[in-house]
Amino acid sequence: MSLDDEWITEICEDGGSAFALKGQGKLFEQQSAFQKVEVFETETYGRLMLIDGCTMVSTRDNFLYHEMMSHPVLFSHRAPRRVAIIGGGDCGTLREVLKHPEVEKAIQIDIDEVVTRAAELHFPELCESNGDPRAELMFIDGIQWMKDVSPGLLDVIIVDSTDPKGPGEVLFSPEFYSACHRALDEGGLIVQQSESPLIHMAILERMYRSLQAARFADARTLFFPQPIYPTGWWSATIGAKNTRLGDFRESDVATKAFETLYYNAQIHRAAFAEPEFFRKARRGWPV
Ligand code: SAM
């Protein structure tokens with residue numbers, strides 16, 4: 001990431017591309033035991049958080065990511081009561097999960113407390129549900145927590161992690177998916193941010209193969225825009241422990257008592273429509 005006196009630039013090496021926002025000064029910087037966390041004010045996207053120079057969340061467009069990381073998987077589960085979020089330190093996904101009245105417990109496990117403290121200071125709107133009695137925030141390695149959790153304890157796991165490098169790499173491993181499979185109850189679902197379909201098809205294929213190796217019965221990818229991430233076109237992949245994916249609680253979406261800015265039943269259906277190149281590549285993948 002380079003910062004001249006005006007522009008905040010994220011260089012995406014594997015995409016051979018860069019993304020920049022016009023900056024208006026740095027608000028926060030801290031090197032934690034795991035990563036470097038920075039927050040900037042920008043001219044048109046509100047506040048912007050970077051972790052190790054990678055864009056994480058902005059005031060302006062985070063609704064796309066946080067809504068699509070939570071509502072499709074929760075409405076695809078028949079009764080999501082017990083939810084674990086691995087990562088998610090900015091707390092935006094936790095806020096969306098807790099909008100669902102049937103959720104009785106939402107545990108967020110992020111390895112780095114600095115991310116959450118920075119979000120509390122500079123993205124307070126994302127942290128507005130942190131005091132919900134159903135919420136529990138923990139600061140340990142997600143894979144260790146998942147290995148220790150009792151079998152069948154969870155209905156939905158949301159892996160809102162950084163990219164598959166640094167502390168986030170382990171969250172894309174077969175070992176982690178096996179721990180998730182064991183932690184999920186019958187009918188359980190996992191969703192993980194699965195990078196950009198335009199430049200990260202190898203990561204997506206590895207995820208499908210790892211989900212299959214961990215004995216997940218089905219997997220589907222949903223696609224959505226996310227301007228601040230490399231290519232601006234992002235994805236999340238859902239794995240089903242022992243059920244088939246496809247149906248969702250459409251009437252519950254239509255009658256939901258909470259507001260969204262992007263997600264609705266039409267977006268839910270459209271997000272799972274597979275681009276032709278993905279559909280063809282997907283035929284060779286397991287699950
Ligand atoms: N939306 C972002 C994206 O798609 O890149 C992710 C947002 S969130 C800030 C990513 C979080 O994953 C960070 O807070 C980071 O600390 C956390 N994380 C990385 N590795 C982790 C691990 N092994 N266990 C738990 N949390 C982890």
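Counting convention: from 1, in listed order, for ligands and their atoms alike.
Taking the six-membered ring for Trp, Phe272 and His268 have ring centres closer than 6.0 Å. Checked against the 6.0 Å centroid threshold, Tyr229 and Tyr65 count as a close aromatic pair. Within the 6.0 Å centre-distance limit, the rings of Trp285 and Phe278 are counted as a close aromatic pair.
Using a 4.0 Å cut-off between charged side-chain N and carboxylate O, Arg244 and Asp218 make a salt bridge. With respect to the salt-bridge test (charged N to carboxylate O, under 4.0 angstrom), the residues Glu104 and Arg81 qualify. The pair Arg82-Asp185 meets the salt-bridge criterion, with a side-chain N (NZ, NE, NH1 or NH2) lying under 4.0 Å from an Asp/Glu carboxylate O.
Distance from atom 25 (C) of ligand 1 to its nearest protein heavy atom, with residue and atom name: Ile111 N, 3.2 Å. Ranking the protein heavy atoms by distance from atom 19 (C) of ligand 1 puts Thr162 OG1, 3.3 Å first. Taking atom 24 (N) of ligand 1 as the reference point, the nearest protein heavy-atom neighbour is Gly142 N, 2.8 Å.
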Apply side chain to side chain contact (heavy atoms under 4.5 Å, CB included) to residues Leu48 and Val39 and explain how you reach the verdict. CA-CA 5 Å; Leu48 173 70; Val39 178; over 6 Å; no
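Contacts between Gln193 and ligand 1 below 4.0 angstrom, taking non-hydrogen atoms only, involve the side chain exclusively. If you look at Tyr229 next to ligand 1, the close heavy atoms, those under 4.0 Å, all belong to the side chain.
A heavy-atom separation below 4.0 Å is found between Gln35 and ligand 1. In this structure, Ile143 falls outside the shell of residues with a heavy atom less than 4.0 angstrom from ligand 1. Taking 4.0 Å as the cut-off, Asp160 counts as a neighbour of ligand 1 on heavy-atom distance. Using a 4.0 Å cutoff on heavy atoms, Trp145 does not count as a contact of ligand 1.
Distances between N or O atoms of Asp141 and those of ligand 1 include at least one value under 3.5 Å. For the pair Leu171 and ligand 1, the shortest N or O to N or O distance does not fall below 3.5 Å. No N or O atom of Val115 sits closer than 3.5 Å to an N or O atom of ligand 1.
Looking at Asp90, Asp110, Asn62, it is Asp110 that brings a heavy atom closest to atom 17 (C) of ligand 1.
Heavy atoms of other residues, nucleotides or ligands lying less than 6.0 angstrom from CZ of Arg269 number more than 12. Within a 6.0 Å radius of CG in Asp247, other residues, nucleotides and ligands contribute 12 heavy atoms or fewer.
Near Ile109, meaning under 4.0 Å from any of its heavy atoms, are these atoms of ligand 1: 25 (C), 26 (N). Close approach of ligand 1 to Asp112 is summarised as follows: ligand atoms under 4.0 Å from at least one heavy atom of the residue are 16 (O).
Ring pair Phe223/Trp233 is tilted by interplanar angle, where 30° to 60° counts as tilted.
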